Amino acid sequence: NDTEDKTRLISLPEAAELYGLSHSYLKQLAHRGRLQAKKIGGVWLTTPNDVEAYIESRQKRGAFRKDLSKD
């Protein structure tokens, strides 16, 4: 099943939709080297593994938006 292959290449818009992030935000991360991504033929590609690794690193730093709610 394609959706279970975490190493497959996906476009940033697809990654944004899968993980509830914005495409432009992911593009900024790719430009800054914060998100592992490759630009192939003018299209940025990443993998689900790389997006999840980025999200996990954000959670560890306490900067992820789910941690922003002040209870």
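Hydrogens, waters and symmetry mates play no part in the numbers below; they use all other heavy atoms, side chains included. Just so you know, these numbers come straight off a predicted model, no measurement behind them.
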Using a 4.5 Å cut-off on heavy atoms from C-beta on, say whether the side chain of [Y] contacts that of [X].
| X | Y | result |
| --- | --- | --- |
| Leu29 | Leu21 | no |
| Lys39 | Lys27 | no |
| Thr46 | Leu35 | yes |
| Leu45 | Ile10 | no |

Worksheet item: CD of Glu52: more than 12 outside heavy atoms within 6.0 angstrom?
Response: yes
[atom1] of [X] to [atom2] of [Y]: how many Å apart, nearest 0.5 Å?
| X | Y | atom1 | atom2 | result |
| --- | --- | --- | --- | --- |
| Asp50 | Leu26 | CG | CG | 11.5 Å |
| Lys38 | Thr47 | NZ | OG1 | 8.0 Å |
| Ser11 | Ile40 | OG | CD1 | 11.5 Å |

Fill in: Residue pair Ala37 / Ala30: nearest heavy atoms and the distance that separates them
CB-CB, 3.8 Å
Worksheet item: Considering all heavy atoms of both residues, which atom of Lys6 and which atom of Pro48 are nearest to each other, and what is their separation?
Response: O-CD, 3.3 Å
Discussion item. Assess the residue pair Gln28 and His23 against the criterion (side chain to side chain contact (heavy atoms under 4.5 Å, CB included)); give the C-alpha distance rounded to whole Å, side-chain angles, the decisive distance to 0.1 Å, and a yes or no.
Written reply: CA-CA 9 Å; Gln28 282 177 3; His23 171 223; over 6 Å; no
Discussion item. If only side-chain N and O atoms count, and only distance matters, is there a donor-acceptor pair under 3.5 Å linking Tyr54 with Gln36?
Written reply: no
Worksheet item: What about Ile55 and Leu12, same hydrophobic cluster or not, with Ile/Leu/Val/Met/Phe/Trp/Tyr joined at side-chain heavy-atom distances under 4.5 Å?
Response: yes
